[in-house]
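Below: one structure, written as structure tokens.
Chain letters run A, B, ... following the sequence lines, proteins first, then strands; residues in each count from 1.
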Amino acid sequence: MTDSAPSSQEYLDQELARRQKLQQLQAKGIDPFPARVQRSHTIAEALVAYEAGQLDETPVQLTGRLVALRIMGKLSFGHLQDGTGRLQIMVRRDLLGAERYNDFFKKLVDLGDIVAVQGPMVTTRTGEITCQVTGMTLLAKSLRPMPDKWHGIKDPEVRQRQRYLDLLANPEVRQVFRTRAAILRVLRSYLDGEGFLEVETPILQSVYGGAAAEPFVTHHNYLRQDLYLRISFELYLKRLLVGGYDRVYEIGRDFRNEGISHKHNPEFTQLEFYEAYTDYVGVMERTEAMLATVAQEVTGGYEVQWGEHILNFRPPWPRIPLRQAIFDACGIDYNEYPDADSLRTAMRALKIDAPIEATRGKLIDKLLGLFVEPNLIQPTFLVDYPVDVSPLAKKKVDDPLTVERFEGFVGGMEICNAFSELNDPIDQLQRFIDQGRDFEAGDKEAHPVDEDYVNALSYGMPPAGGFGMGIDRLTMLLTNQTNIREVILFPHLRPES
RNA sequence: GGGCCGCUAGCUCAAGUGGUAGAGCAACGGACUUUUAAUCCGUGGGUUCGGGGUUCGAGUCCCUGGCGGCUCACCA
């Protein structure tokens with residue numbers, strides 16, 4: 001017994017039938033996986049050329065997967081699908097040749113095989129544009145049966161573990177990821193057009209920062225050094241402002257070692273941009289313009305169907321002070337509670353779970369998440385956040401407990417976070433030290449001190465506005481999905497047992 | 001992590017209170033020159049997620065483990 005492929009008895013009947021056909025093909029001298037292929041048009045190109053009257057009787061050479069077969073006596077139909085579309089093929093015994101039709105096409109070709117066909121484009125009696133096949137060659141034999149042609153794949157576990165089956169069986173899934181690509185394309189195009197420079201910064205970091213989150217830890221064997229996977233790009237991008245690039249952005253992956261939910265994946269795609277000589281008000285305006293552009297170009301309009309809601313991305317968005325929003329939602333004015341203990345007492349009086357270890361900022365964040373966020377369906381900005389949960393944002397001149405920060409909410413989710421960037425190195429160091437106290441007190445998400453970053457600020461960073469947005473969540477909104485796994489090709493899943 | 005729900009043929013799904021596990025598609029054999037979820041005749045296909053238990057008998061009831069979904073908690 002070797003570790004080679006299982007014997008034929010171990011295959012289920014359908015795979016066995018296909019493997020027997022594979023052997024028959026090889027016995028006939030036909031390579032079931034040839035290296036070279038001739039193609040004159042993609043399916044989309046062939047359809048366009050035919051409808052434009054450019055083809056006449058000229059044969060085209062097309063390639064793709066056989067996704068439907070209707071075999072009949074002397075004339076059969078099927079559908080061929082490539083990355084650009086789907087086209088009916090008509091296979092006639094008299095045109096293909098009796099032997100090729102009976103002994104190759106009908107006997108040895110299966111649903112799911114990848115083939116090349118050639119022949120002229122015609123229109124059938126029912127009016128469907130069709131390739132009338134005069135030659136067919138196998139490009140790749142499919143050894144496993146295709147999913148149900150009508151129902152596709154529904155089992156969510158199979159859909160995510162074997163995404164290739166999901167994609168090949170469910171066209172609407174293919175469209176989601178095309179839209180995702182379009183969103184990234186439009187965002188880049190918008191930012192490039194506004195003079196932003198796209199950059200790349202380290203994913204492996206010896207000091208993580210820029211967000212409140214627990215990191216993943218990894219290890220460099222030869223340096224004998226623990227490293228963190230980044231939780232944001234922020235501190236590196238602002239070093240570039242110090243370096244003299246006034247407008248920079250990065251699109252890439254962040255990693256946060258936290259819970260998984262319908263709106264959280266351990267790795268997720270983030271856009272951050274930093275713009276010198278503006279502030280959070282300027283960034284709000286840019287956010288509105290940028291997302292209006294994306295909605296317009298990706299969906300064709302400012303109004304986007306999302307579940308039972310129609311989201312309207314037309315600027316401007318309502319701007320509500322966070323304090324006001326929380327007060328309106330639950331009656332607590334957090335300005336009346338200047339420390340964590342008093343706020344906790346007030347929350348508990350309303351039967352709200354308020355953990356003893358939570359800082360005042362964490363408690364406010366909890367009120368936000370509990371009472372405000374789920375109701376912010378239409379694009380809305382909440383503005384002016386407590387300083388203790390915003391260690392990188394500039395304080396308001398008239399209120400040192402509040403920073404110039406906003407978060408954007410759509411569909412009951414936070415999709416972006418932005419502020420006037422703190423560029424005072426002395427204040428920044430003090431904020432890091434205050435965060436260190438929270439960390440000592442048990443807050444694993446408290447921001448660590450990044451001395452090199454403070455050093456960079458001490459050379460002078462221009463006043464700037466910065467912005468971060470979750471691309472996955474934006475994609476959910478623009479593709480009418482309510483689960484982040486539907487917009488990530490290979491979401492994190494537990495290993496199969 | 002908690003609660004609820006799910007896992008049956010390759011795929012989509014059925015199987016009152018425990019009593020020989022079925023259908024459609026797919027597959028296999030046959031008929032068929034304008035079909036398009038092709039149609040018609042015939043055939044095969046199962047560790048009912050794994051393990052244990054109750055019972056004469058378990059897809060079904062009990063215990064346990066795995067994976068997944070929804071939801072709450074936490075977080076972007």
Side-chain angles (χ1 to χ4, degrees), chain A residues 11-18 20-21 67-79 86-96 101 106-107 110-112 122-130 132 142-162 165-166 168-170 210-214 231-232 254-272 353 355 358 362 365-366 368-370 373 407-409 413-417 444-445 468-474 476 482-485 491 493-497:
Chain A
Y11 293 116
L12 295 168
D13 62 337
Q14 300 204 36
E15 185 166 2
L16 182 59
R18 286 165 181 252
Q20 284 169 348
K21 291 177 185 178
V67 292
L69 276 178
R70 296 179 289 282
I71 303 279
M72 290 182 280
K74 303 187 188 66
L75 164 74
S76 299
F77 292 89
H79 275 89
R86 176 185 252 245
L87 179 75
Q88 179 166 264
I89 59 170
M90 171 164 54
V91 188
R92 277 168 52 173
R93 192 175 72 179
D94 57 349
L95 294 178
L96 193 62
Y101 184 83
K106 282 176 75 172
K107 294 288 182 199
D110 284 307
L111 202 57
V122 300
T123 304
T124 61
R125 281 180 202 168
T126 53
E128 182 164 353
I129 300 172
T130 299
Q132 191 173 61
S142 170
L143 297 178
R144 306 269 297 172
M146 289 293 106
D148 189 284
K149 66 184 174 188
W150 189 246
H151 301 95
I153 294 269
K154 289 195 171 163
D155 182 337
E157 193 169 349
V158 176
R159 288 189 50 228
Q160 287 159 37
R161 287 193 196 282
Q162 294 180 270
L165 287 181
D166 188 28
L168 80 83
N170 301 326
E214 272 193 79
I231 58 172
S232 84
D254 275 340
F255 307 85
R256 297 189 184 174
N257 204 341
E258 292 165 348
I260 297 174
S261 80
H262 66 104
K263 45 183 185 175
H264 298 87
N265 196 59
E267 53 182 297
F268 63 102
T269 300
Q270 179 97 327
L271 160 68
E272 291 189 24
D353 178 41
K362 287 275 175 191
D365 197 51
K366 180 155 187 127
L368 163 62
L370 222 46
E373 180 171 356
E407 292 185 313
F409 294 84
M413 294 186 291
E414 179 194 335
I415 65 156
C416 63
N417 177 26
K444 288 182 177 167
E445 295 172 350
M469 176 171 69
I471 299 296
D472 311 279
R473 289 182 179 176
L474 178 64
M476 289 167 65
T482 55
N483 195 312
I484 198 168
R485 283 183 300 266
L493 296 172
R494 287 177 204 240
E496 277 183 290
S497 60

* A:L368 and A:E407, any side-chain heavy atoms less than 4.5 Å apart ->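 They are in contact (side-chain heavy atoms under 4.5 Å apart), so the answer is yes.
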Give, for atom [atom1] of [X] and atom [atom2] of [Y], the distance between the pair rounded to the nearest 0.5 Å.
X: A:L271; Y: A:M469; atom1: CG; atom2: CE; answer: 5.0 Å
X: A:K74; Y: A:L95; atom1: NZ; atom2: CG; answer: 14.0 Å
X: A:I415; Y: A:L474; atom1: CD1; atom2: CG; answer: 5.5 Å
X: A:L16; Y: A:L143; atom1: CG; atom2: CG; answer: 11.0 Å
X: A:R161; Y: A:D166; atom1: CZ; atom2: CG; answer: 13.5 Å
X: A:I153; Y: A:D148; atom1: CD1; atom2: CG; answer: 9.0 Å

Base, sugar-phosphate alone, or nothing: which one does [X] contact when heavy atoms must sit under 4.0 Å apart?
X: A:L370; result: sugar-phosphate
X: A:R161; result: sugar-phosphate
X: A:N483; result: sugar-phosphate
X: A:E15; result: nothing
X: A:R256; result: base
X: A:N265; result: base
X: A:D155; result: sugar-phosphate
X: A:G468; result: nothing

Integer-rounded Å distance: [N] [atom2] and [X] [atom1]:
X: A:H262; N: B:A73; atom1: NE2; atom2: P; result: 10 Å
X: A:R93; N: B:A31; atom1: CZ; atom2: P; result: 11 Å
X: A:K106; N: B:G30; atom1: NZ; atom2: C1'; result: 10 Å
X: A:I260; N: B:G69; atom1: CD1; atom2: C1'; result: 14 Å
X: A:K263; N: B:C72; atom1: NZ; atom2: C1'; result: 13 Å
X: A:M146; N: B:C11; atom1: CE; atom2: P; result: 12 Å
X: A:L165; N: B:A26; atom1: CG; atom2: P; result: 17 Å
X: A:D353; N: B:G1; atom1: CG; atom2: C1'; result: 14 Å

* Asked: Can A:K263 and A:E258 be counted as an ion pair, charged N to O under 4.0 angstrom?
  ->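 The answer is no: the pair does not qualify as a salt bridge.
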With rounding to the closest Å, how many angstrom separate the [atom1] atoms on [N] and [M]?
N: B:A37; M: B:A26; atom1: P; value: 12 Å
N: B:G19; M: B:G66; atom1: P; value: 30 Å
N: B:G57; M: B:U43; atom1: P; value: 34 Å
N: B:C5; M: B:U64; atom1: P; value: 15 Å
N: B:A58; M: B:G68; atom1: C1'; value: 24 Å
N: B:G46; M: B:C11; atom1: P; value: 14 Å
N: B:G65; M: B:C13; atom1: P; value: 28 Å
N: B:U47; M: B:A21; atom1: P; value: 14 Å

* To do: Would you mind pulling out the nucleotide paired to B:G24, Watson-Crick or G-U wobble, both distances under 3.5 Å?
  =>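 Across any shown strand, B:G24 pairs with B:C11.
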* To do: Quick one: look up who B:C67 pairs with, Watson-Crick or G-U, both distances under 3.5 Å, and put none if it's unpaired.
  =>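 Pair assignment: B:C67 / B:G6.
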* Backbone of A:R485 reached by a side-chain donor or acceptor of A:N265 within 3.5 Å ->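 The answer is no, because no donor-acceptor pair under 3.5 Å joins these two groups.
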Between [options], which nucleotide gets closest to the side-chain atoms of [X]?
X: A:I153; options: B:C11, B:C67, B:A27; answer: B:C11
X: A:K154; options: B:G30, B:C13, B:G68; answer: B:C13
X: A:K21; options: B:C11, B:U34, B:A27; answer: B:A27
X: A:R125; options: B:U33, B:C13, B:U34; answer: B:U34

* To do: Confirm from the modelled atom types if A:Q88 and B:U35 form a donor-acceptor pair under 3.5 Å, side chain to base only.
  =>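 Answer is yes: a donor-acceptor pair is held.
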* Asked: Within the modelled atom types, does a donor on one side and an acceptor on the other bring the side chain of A:S76 and the base of B:U35 under 3.5 Å apart?
  ->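 Side chain to base: no pair present.
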* Could you pull out all residues at least two apart from A:D365 that satisfy side-chain hydrogen bond (donor to acceptor under 3.5 Å, both in side chains)? =>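 If we apply the side-chain hydrogen bond (donor to acceptor under 3.5 Å, both in side chains) test to A:D365, skipping adjacent residues, there are no hits.
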* Compare side-chain N and O positions of A:R485 against OP1 and OP2 of B:C70 and report whether any pair is under 4.0 Å apart. =>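 For A:R485, the contact criterion (side-chain N or O under 4.0 Å from OP1 or OP2 of B:C70) is met.
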* Asked: So, for A:G112 and A:S142, which heavy atoms are closest and what is the spacing to 0.1 Å?
  ->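 Nearest heavy atoms, A:G112 then A:S142: O-CB, 3.4 Å.
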* To do: Search all heavy atoms of A:Y101 against all heavy atoms of A:M72 and return the closest pair with its distance.
  =>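 Heavy atoms of A:Y101 and A:M72 come nearest at OH-O, 3.0 Å.
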Pairs under 3.5 angstrom, nitrogen or oxygen only, protein versus nucleotides 37-39 of chain B, please.
from, atom 1, to, atom 2, distance (Å)
B:A37, O3', A:K149, NZ, 3.3
B:A38, OP1, A:K149, NZ, 2.0
B:A38, N6, A:I71, O, 3.4

* **Residue whose nearest RNA chain B nucleotide is more 5′ - A:E267 or A:R144** =>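 Result: A:R144.
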* A:M90 or A:P156, whichever maps to the more 5' nucleotide of RNA chain B ->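 Its nearest nucleotide being more 5', the pick is A:M90.
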Report each atom pair, protein N/O against N/O of nucleotides 43-49 of chain B, whose distance is under 3.5 angstrom.
from, atom 1, to, atom 2, distance (Å)
B:G44, N2, A:D13, OD2, 2.4

* Asked: Pick one: which of A:K21, A:R144, A:Q14 meets side-chain hydrogen bond (donor to acceptor under 3.5 Å, both in side chains) with A:D110?
  ->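 Of A:K21, A:R144, A:Q14, side-chain hydrogen bond (donor to acceptor under 3.5 Å, both in side chains) with A:D110 is met by A:K21 alone.
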